[in-house]
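As structure tokens, the structure follows; a few thoughts come after it.
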Amino acid sequence: MTKDYVIGVDLGGTKILTAIADLEGNILAKVRKDTEAKKGKDVVIQRIKDTVYEVIKEIDGDLSEVKGVGLGVPGPLNISEGIIKSTPNLDFDNLNIIEELSDLNLPIFLENDANAAAIGEKWFGAGKGADNMLYITVSTGIGGGIIINKDIYHGVGDGAGEIGHITLIPDSKVQCGCGNYGCWEALASGTALIRMGREAVESDCDTKIAQLVDSPEEIDGAIIAQAFKEGDEVAKELMNQLATYLGIGLASMINVFNPEKIVVGGGVSQSWDLLKDKVSETIDKRAMSSLVEGVEVVTADLGSEVGVIGALAVALTSLDLL
Ligand SMILES: [Zn+2]
């Protein structure tokens, strides 16, 4: 008896995680390899193919039983052409990835990794059941995916969802990675929290954060969260500042999209308990109350596997199986 499968590939700058699943999305096997990005494009492409062959072998399956491959990649894309325009950690500029993988002889469905994560959370995670949903990942930056009537919204050039780069403070001195000043991402990401923590310690504030590290360079989000839990007032102020900025951005998202759910993922969501009250208070204060009533802000469910589960969901939705 032949069986039908889909494959999801989460291509990152340091690792490739590939999974095979049945058509309900139940993962049957996974293969992980280092990307070895430094060895160049051809090596990375071969490693992607190897994970596909190996994951099929893991379940004693056959290439002919695979209906399609979802591929989540970082960076801007041209989805219909199958082109990766650029990636932060891979030498893949203007690469036609679908052509490169053509000897797999399988339909390949390309998606930006944040969008893939949004699709994964929508079908298999915290967004289940919500047809209009926003996924927001808050870690070193702020990224997201917009789900409208069950489908991801791509925009005309497949670039929609760059929510981290809305300007929050026009005259801010904080420059964002995108070049602009005062972006949401520059003020409310994990990187922003670390910057605020270092500034507090360097300005000789009386704070436990300073006692928890040997030098300001060692400060990270976990250290600041720990100081907050130990009752440190400065850490509490920093977390409240971060939560306020998060809430301001989320309030705008709620006003624009009127979503049923906002799913918050990424490293910062692990400290959500310390942030959520201030975030809710800010949303209540700044978003339109008729829209706030209908939205639920929840943390993501899929953890570190969101990328690969998202890639599987991309394959399943592209094949109209979800
Ligand atoms: Zn920016």
Side-chain angles (χ1 to χ4, degrees), residues 12-13 72-79 84-90 92-94 111-118 133-148 152-199 219-221 224 238-257 259 262-272 275 278-279 282-283 286-287 297 300 306-307 310:
V73 297
L77 312 169
N78 178 326
I79 290 174
I84 300 176
K85 292 181 186 167
S86 66
T87 54
N89 301 306
L90 295 162
F92 271 19
D93 291 359
N94 290 313
E111 189 54 272
N112 161 273
D113 55 1
N115 284 346
M133 184 203 108
L134 302 177
Y135 170 76
I136 296 185
T137 172
V138 188
S139 51
T140 52
I142 295 182
I146 301 157
I147 305 248
I148 299 176
I152 197 83
Y153 177 69
H154 283 122
V156 68
D158 297 328
E162 291 293 351
I163 55 172
H165 304 287
I166 53 172
T167 301
L168 219 63
I169 300 182
D171 54 359
S172 169
K173 301 270 185 294
V174 183
Q175 193 173 22
C176 181
C178 75
N180 185 30
Y181 288 83
C183 283
W184 191 19
E185 160 172 317
L187 299 165
S189 62
T191 311
L193 180 65
I194 293 167
R195 188 196 66 246
M196 291 192 289
R198 286 180 186 163
E199 281 168 4
I219 294 168
D220 61 15
I224 297 169
L238 298 182
M239 293 295 269
N240 280 345
Q241 181 66 71
L242 189 83
T244 302
Y245 287 145
L246 279 172
I248 293 172
L250 289 173
S252 294
M253 295 293 135
I254 290 166
N255 285 348
V256 174
F257 292 104
I262 295 180
V263 176
V264 183
V268 170
S269 69
Q270 282 159 20
S271 300
W272 198 246
L275 298 164
K278 194 76 187 172
V279 169
T282 309
I283 290 173
R286 293 183 182 265
V297 181
V306 67

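Residue numbers run from 1 in the order of the sequence given. Start at 1 and go down the list; that is how both ligands and their atoms are numbered.
No donor-acceptor distance shorter than 3.5 angstrom exists from the side chain of S269 to the backbone of W272, with no hydrogens or angles considered.
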(message) For M196 and M239: C-alpha separation, side-chain torsions, deciding distance, then whether side-chain contact (heavy atoms from CB on, under 4.5 Å) applies.
(response) CA-CA 10 Å; M196 291 192 289; M239 293 295 269; over 6 Å; no

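Around the Zn ion (ligand 1), protein N, O or S atoms at less than 2.8 Å comprise H165 ND1, C176 SG, C178 SG, C183 SG.
Taking the side chain as every heavy atom from C-beta outward, I147 and F257 never approach each other to under 4.5 Å. Annotation: side chain of N180 is not in contact with side chain of H165 (no heavy-atom distance under 4.5 Å).
N115 and G145 get closest at one heavy-atom pair: OD1-CA, 3.5 Å.
In R198, the CZ atom is crowded: over 12 heavy atoms of neighbouring residues, nucleotides or ligands sit closer than 6.0 Å.
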